[in-house]
Amino acid sequence: MEFRSFMQQALDEARAAGARGEVPVGAVVVSPAGVVVASAGNRTRELNDPTAHAEVLALRAACAQAGSERLPGHDLYVTLEPCPMCASAISQARIARLYYGASDPKSGGVAQGPRVFSHPQCHHTPEVYDGIAGGAAEALLKEFFAQRR
């Protein structure tokens with residue numbers, strides 16, 4: 001099967017989140033058949049919910065559709081390196097492959113900070129691919145925060 005990136009759809013979700021005044025992060029869950037089963041952007045402010053990160057919302061929707069708390073064989077595309085909370089949720093959902101764009105030196109939990117997938121208590125470690133459309137994702141974040149400073 002030929003690789004097909006779904007990062008552009010994640011970037012579209014991130015742009016929509018930014019337009020709503022949310023930190024522009026987007027996520028897309030793709031089934032083993034290569035079909036998008038869920039997508040979301042951050043909604044923490046809108047929902048008054050600190051757990052309403054793009055990844056968590058997309059995982060919740062994909063799990064609801066699958067009728068299971070686990071998504072074996074599924075891929076997750078996210079525009080920003082997942083935080084520790086999201087990395088743990090990705091592990092719990094048994095995501096097969098994680099593709100992310102921009103690194104997050106301040107709050108990341110995959111390649112930065114606690115490195116959740118490297119922790120001995122991590123039950124499942126997905127394959128991780130970073131830097132996918134990282135420049136575009138980073139530009140969205142920089143523009144968003146520049147407008148607020």
Side-chain angles (χ1 to χ4, degrees), residues 5-32 36-66 68-146 148-149:
S5 176
F6 291 85
M7 190 58 78
Q8 189 57 52
Q9 189 167 343
L11 285 165
D12 291 343
E13 289 287 346
R15 287 184 197 95
R20 292 189 305 270
E22 301 278 356
V23 175
V25 177
V28 174
V29 178
V30 180
S31 76
V36 172
V37 294
S39 61
N42 275 356
R43 292 187 181 274
T44 59
R45 290 185 174 99
E46 176 186 339
L47 299 176
N48 300 311
D49 180 354
T51 69
H53 290 197
E55 302 95 317
V56 170
L57 295 174
L59 290 172
R60 285 176 184 164
C63 286
Q65 182 184 18
S68 174
E69 77 282 11
R70 294 187 178 170
L71 300 167
H74 287 66
D75 297 340
L76 176 66
Y77 289 81
V78 62
T79 57
L80 181 64
E81 176 184 353
C83 72
M85 174 187 70
C86 292
S88 181
I90 291 164
S91 176
Q92 296 297 323
R94 306 303 198 262
I95 289 293
R97 285 164 295 280
L98 167 65
Y99 300 91
Y100 71 86
S103 293
D104 189 353
K106 181 180 175 187
S107 301
V110 176
Q112 317 285 327
R115 297 183 171 130
V116 171
F117 301 138
S118 299
H119 197 279
Q121 289 178 312
C122 183
H123 296 292
H124 170 78
T125 301
E127 293 176 32
V128 178
Y129 303 91
D130 63 350
I132 311 297
E138 187 175 329
L140 274 175
L141 290 158
K142 285 183 176 181
E143 180 182 329
F144 176 83
F145 288 113
R148 278 148 182 79
R149 292 187 177 125

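The structure displayed is predicted, hence computed values, not measured ones. Atoms considered below: every heavy atom in the structure, side chains included; atoms not considered: hydrogens, waters and symmetry mates.
The backbone N or O of Pro24 sits nowhere less than 3.5 Å from a side-chain atom of Asn42 that would complete a donor-acceptor pair. The closest donor-acceptor contact from the side chain of Arg94 to the backbone of Gln92 lies under 3.5 Å. Not a single donor-acceptor pair under 3.5 Å links the side chain of His53 to the backbone N or O of Thr51. At least one donor-acceptor pair under 3.5 Å links the side chain of Ser68 to the backbone N or O of Arg70. Counting only distance, with no hydrogens or angles, the side chain of His124 and the backbone of Ile95 share a donor-acceptor pair below 3.5 Å.
His74 and Val37 get closest at one heavy-atom pair: CD2-CG2, 4.1 Å. Closest approach of Tyr77 and Phe6 over heavy atoms only: CE2-N, 3.4 Å. Across Ala58 and Ala40, no two heavy atoms sit closer than the pair N-CB, 3.8 Å. Looking at every heavy atom in both residues, Pro32 comes nearest to Pro72 through CG-O, 3.9 Å. In terms of heavy atoms, Gly18 sits closest to Arg148 at O-NH2, 4.3 Å. Scanning all heavy atoms of the two residues, the minimum distance from Ala61 to Ala38 falls at CB-CB, 3.8 Å.
In this structure the side chain of Val29 reaches within 4.5 angstrom of the side chain of Leu76, judged on heavy atoms. Residues Arg45 and Val23 form a side-chain contact, since some pair of their non-hydrogen atoms from C-beta on lies under 4.5 Å apart.
Remark: Ser91 OG to Leu98 CG distance equals 11.0 Å, nearest 0.5 Å. Rounded to the nearest 0.5 Å, atoms CG (Leu57) and CG (Leu47) are 6.5 Å apart.
Qualifying side-chain contact (heavy atoms from CB on, under 4.5 Å) partners for Gln8, counting only residues two or more places apart in sequence or in other chains: Leu11, Asp12, Arg15.
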Using atom types as modelled, flag every donor-acceptor pair under 3.5 Å from a side chain in residues 78-87 to any protein atom, sequence neighbours excluded.
from  : atom 1 : to     : atom 2 : distance (Å)
Thr79 : OG1    : Gly26  : N      : 3.1
Glu81 : OE1    : Asp104 : N      : 3.0
Glu81 : OE2    : Val110 : N      : 3.0
Glu81 : OE2    : Ala111 : N      : 2.7
Glu81 : OE2    : Gln112 : N      : 3.0

Taking only distance into account, with no hydrogens and no angle test, what donor-acceptor pairs under 3.5 Å do side-chain atoms of residues 125-134 form with protein atoms, sequence neighbours excluded?
from   : atom 1 : to     : atom 2 : distance (Å)
Thr125 : OG1    : Phe117 : O      : 3.2
Glu127 : OE1    : Tyr129 : OH     : 2.5

